[in-house]
Amino acid sequence: MIHNKKILVTGATSGIGLALCDFLIKQECSVIAVGRDQSKIENLVKKSDDKLKFLSFDLIDFLNYFKIFDEMLAGEKFDGFVHCAGIEETLPLTMYNPENVKRIFDINVFSGIELLRHFSKKKYSNDGASVVFLSSVMGDLGQPGKIGYCATKSAILGIVRSSALELAKRRFRVNAISPGVVNTPMTQKLFSQIEDDNIQRIKEMHPLGIGEVDDVVPVITFLLSDSSKWITGQNIKVDGGYSIQ
Ligand SMILES: NC(=O)c1ccc[n+]([C@@H]2O[C@H](COP(=O)([O-])OP(=O)(O)OC[C@H]3O[C@@H](n4cnc5c(N)ncnc54)[C@H](OP(=O)(O)O)[C@@H]3O)[C@@H](O)[C@H]2O)c1
């Protein structure tokens, strides 16, 4: 069960992260939620009865992560961390340069490592804590125009395997989930930029149709819970059958 755990969620203002926060507070968890645009999480903060504390914070601000761990946590310890923050972009190879590759790595990968580095300190987390990274089916598969995104999502799988071994001595578990296309603002933005027949093609590539946030959140919460206490270093695909073809 997941009741009463203290969980750090990034990407908390939108899509999968926002739905996860909503679920966690219903389970009486206390949540420290990180995102940039407070207006998107305001309603949830109001109805959370102080169970959810929101920090408006840009994760590229690597030198100020102490705000999450010292100021927000205020001496308590986390039981879980879910890195939902992420950016997606489609660019032809000719348009890649070190700056835009670094930008996507900063959010999808480097912020995850830096958060995990802080999180894994004994003063900030309880033994047996659980960490979940959002990878993607694109971490295993390719798609034209997705060199940056695919590279970051593959990198996450390496982080998960390596840190799972390193942190097992504290009985930490570190896992990834890899969704297919899920109906969130990230996907809505993508769909607004492509032709209808392309959207149809993407939908048809998912034998069970594209997913909703409710298809993904229960898998994350299973990994956060003690029911998965012998699972670590794994990548669970949650993709309506996308990747089995
Ligand atoms: N949706 C899909 O189809 C899909 C599929 C596979 C994997 N995923 C992965 O699942 C995760 C969540 O996706 P989603 O669809 O829920 O995305 P989303 O709706 O676009 O939400 C992205 C979140 O990341 C936060 N974020 C982005 N840049 C940030 C920064 N610099 N500092 C702090 N927060 C930042 C955003 O905060 P603000 O809005 O407040 O800036 C937002 O809360 C991502 O890692 C994504 O790659 C999604």
Side-chain angles (χ1 to χ4, degrees), residues 8-23 31-42 44-45 52 54-65 67-68 72 81-90 100 102-112 114-115 131-141 143 146 148-157 159-160 176-194 199 202-203 205-206 208-217 219-220 223 235-240 242-243:
L8 170 63
V9 180
T10 65
T13 50
S14 181
I16 295 167
L18 184 60
L20 174 65
C21 289
D22 192 13
F23 181 88
V31 178
I32 291 187
V34 178
R36 290 174 300 184
D37 184 350
Q38 178 147 10
S39 67
K40 295 193 284 187
I41 197 171
E42 205 93 81
L44 195 59
V45 174
L52 185 143
F54 176 69
L55 178 67
S56 179
F57 186 79
D58 191 326
L59 287 169
I60 60 168
D61 190 3
F62 290 106
L63 295 179
N64 282 313
Y65 278 25
K67 289 188 181 166
I68 302 172
M72 297 296 286
F81 161 39
V82 187
H83 190 45
C84 292
I87 52 176
E88 194 267 352
E89 124 188 304
T90 309
N100 58 30
K102 183 174 176 302
R103 185 159 46 85
I104 189 164
F105 265 86
D106 272 348
I107 300 308
N108 294 5
V109 177
F110 300 145
S111 72
E114 188 59 7
L115 286 163
V131 177
V132 182
F133 279 88
L134 269 288
S135 179
S136 160
V137 286
M138 290 300 132
D140 256 351
L141 304 171
Q143 212 174 62
K146 298 273 196 248
Y149 188 69
C150 288
T152 61
K153 294 302 178 179
S154 300
I156 283 171
L157 302 180
I159 295 166
V160 162
I177 67 156
S178 286
V181 172
V182 182
N183 180 18
T184 69
M186 180 182 278
T187 297
Q188 287 148 17
K189 183 173 162 216
L190 173 74
F191 281 3
S192 72
Q193 294 163 348
I194 60 179
I199 297 175
I202 292 171
K203 288 183 175 169
M205 286 167 82
H206 293 73
L208 298 180
I210 66 167
E212 298 294 332
V213 290
D214 293 351
D215 296 315
V216 176
V217 166
V219 186
I220 300 175
L223 289 172
N235 173 33
I236 299 181
K237 288 180 180 148
V238 190
D239 66 357
Y242 180 97
S243 61

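Atoms within a ligand are numbered from 1 in the order they appear, just like the ligands themselves. Only heavy atoms go into these numbers, but all of them, side chains included; no hydrogens, no water, no symmetry mates.
Looking at S178, its side chain never comes within 3.5 Å of a backbone N or O of I236 through a donor-acceptor pair. Judged by distance alone, the side chain of T13 and the main-chain N or O of Q38 form no donor-acceptor pair under 3.5 Å.
Y242 and H206 have tilted rings, their planes meeting at an angle from 30° to 60° on a 0 to 90° scale.
Contact residues of ligand 1 (protein heavy atom closer than 4.0 angstrom to a ligand atom; sorted by chain and number): G11, A12, T13, S14, G15, I16, G35, R36, D37, K40, F57, D58, L59, C84, A85, G86, I87, I107, L134, S135, S136, Y149, K153, P179, G180, V181, V182, T184, P185, M186, T187.
Applying side-chain contact (heavy atoms from CB on, under 4.5 Å) to L134 and the options I156, I220, T10 leaves one that passes, I220.
Taking 4.5 Å as the limit, every side-chain heavy atom of L44 sits out of range of all side-chain heavy atoms of F54.
Checked against side chain to side chain contact (heavy atoms under 4.5 Å, CB included), D37 has the following partners two or more places apart in sequence or in another chain: S39, K40.
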